[in-house]
Amino acid sequence: QVQLVESGGGSVQTGGSLKLSCTASTYTGPYCMGWFRQSPGKEREGVALIVSDGSTSYADSVKGRFTISKDNNKNTLFLQMDSLKPEDTAMYYCAAAIKCHLDYGLITSFQELKTGWWGQGTQVTVSS
């Protein structure tokens, strides 16, 4: 069982930045980890993920603006969010899974990540 706790959400204006953190209850080195988001009335969507060898992948909607990283020594996952837009407003969730196969494609990798453990979420609000 892996427990995940997110932090760092808040309210910013368009063009601003936020950095989300997700602290795990165990050593994060071997795990696939990532971020999802969900806004009211919409399905939860994958944002970014990072696998055990450090390879990363992003949804097209955030590519070039968001950066996912992981500090295994601190058991912490990060999401640096720059150039934020109102459409980025959502509850952001951290997730971890035993393994994701990036070579199977991002959609499959996000599906694999969904089968793992989840944090409680942190709210991000971007105003215009």
Side-chain angles (χ1 to χ4, degrees):
Q1 188 78 3
V2 178
Q3 294 178 328
L4 303 168
V5 179
E6 302 99 331
S7 61
S11 297
V12 296
Q13 291 189 325
T14 298
S17 297
L18 281 173
K19 187 172 185 177
L20 306 183
S21 299
C22 170
T23 302
S25 60
T26 189
Y27 177 61
T28 53
Y31 291 95
C32 169
M33 299 187 74
W35 294 93
F36 291 79
R37 66 186 182 187
Q38 188 170 22
S39 49
K42 294 188 177 182
E43 289 189 3
R44 192 170 296 190
E45 63 173 354
V47 175
L49 63 81
I50 183 167
V51 297
S52 57
D53 69 359
S55 298
T56 60
S57 193
Y58 299 88
D60 287 343
S61 58
V62 305
K63 214 172 278 186
R65 300 188 298 121
F66 290 10
T67 303
I68 189 170
S69 62
K70 191 163 58 129
D71 185 338
N72 292 325
N73 292 326
K74 296 182 179 179
N75 298 339
T76 303
L77 176 74
F78 300 101
L79 185 68
Q80 176 67 45
M81 305 186 295
D82 299 317
S83 303
L84 282 161
K85 305 175 182 180
E87 51 263 44
D88 295 317
T89 295
M91 185 72 78
Y92 282 71
Y93 297 89
C94 169
I98 298 294
K99 190 171 178 61
C100 299
H101 297 85
L102 270 183
D103 50 341
Y104 292 176
L106 186 56
I107 293 176
T108 298
S109 297
F110 278 136
Q111 291 295 330
E112 291 174 315
L113 190 54
K114 282 182 178 179
T115 65
W117 301 275
W118 291 89
Q120 82 290 347
T122 186
Q123 178 68 38
V124 171
T125 302
V126 184
S127 58
S128 57

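Asp82 and Ser17 get closest at one heavy-atom pair: OD1-OG, 2.7 Å. A pairwise comparison of heavy atoms in Ala97 and Glu112 identifies CB-O, 3.7 Å as the closest pair. Across every non-hydrogen atom of Ser52 and Pro30, the tightest pair is CB-O, 3.6 Å.
Side-chain N or O atoms of Glu6 include one that pairs as donor or acceptor with a backbone N or O of Gln120 at under 3.5 Å. Looking at Ser83, its side chain never comes within 3.5 Å of a backbone N or O of Gly15 through a donor-acceptor pair.
Hydrophobic cluster of Phe66: the remaining members, joined at side-chain heavy-atom separations below 4.5 Å, are Val2, Leu4, Val12, Leu18, Leu20, Tyr31, Met33, Trp35, Val47, Ile50, Tyr58, Val62, Ile68, Leu77, Leu79, Met81, Leu84, Tyr92, Ile98, Trp117, Val124, Val126, listed by chain and number.
Counting non-hydrogen atoms of other residues, nucleotides and ligands closer than 6.0 Å to CD of Glu43 gives a total of 12 or fewer.
For the atom pair Leu102 CG and Phe110 CZ, the distance stands at 9.0 Å (nearest 0.5 Å). How far CD of Gln13 is from OG1 of Thr125: 12.5 Å, rounded to the nearest 0.5 Å. Interatomic distance, CD of Gln111 versus NE2 of His101, reported as 14.5 Å (0.5 Å rounding). With rounding to the nearest 0.5 angstrom, the CD atom of Glu45 is 7.0 Å from the OG atom of Ser39.
Residues Lys74 and Ser21 are not in side-chain contact: their nearest non-hydrogen atoms beyond the backbone lie 4.5 Å or more apart. Inter-residue side-chain proximity for Gln3 and Thr26 is flagged as unmet; no heavy-atom pair is nearer than 4.5 Å. Using a 4.5 Å heavy-atom threshold, the side chains of Leu106 and Leu49 count as touching.
Annotation: cation-pi pair Lys114/Phe36 absent, no NZ/CZ under 6.0 Å from the ring centroid and within 45° of its normal.
In terms of the salt bridge (Lys or Arg N to Asp or Glu O under 4.0 Å) criterion, residue partners of Lys63 (sequence neighbours excluded) are, by chain and number, Asp60.
Listed by first and then second residue, the disulfide (SG to SG under 2.5 Å) pairs that reach into residues 28-62 are Cys32-Cys100, sequence neighbours excluded.
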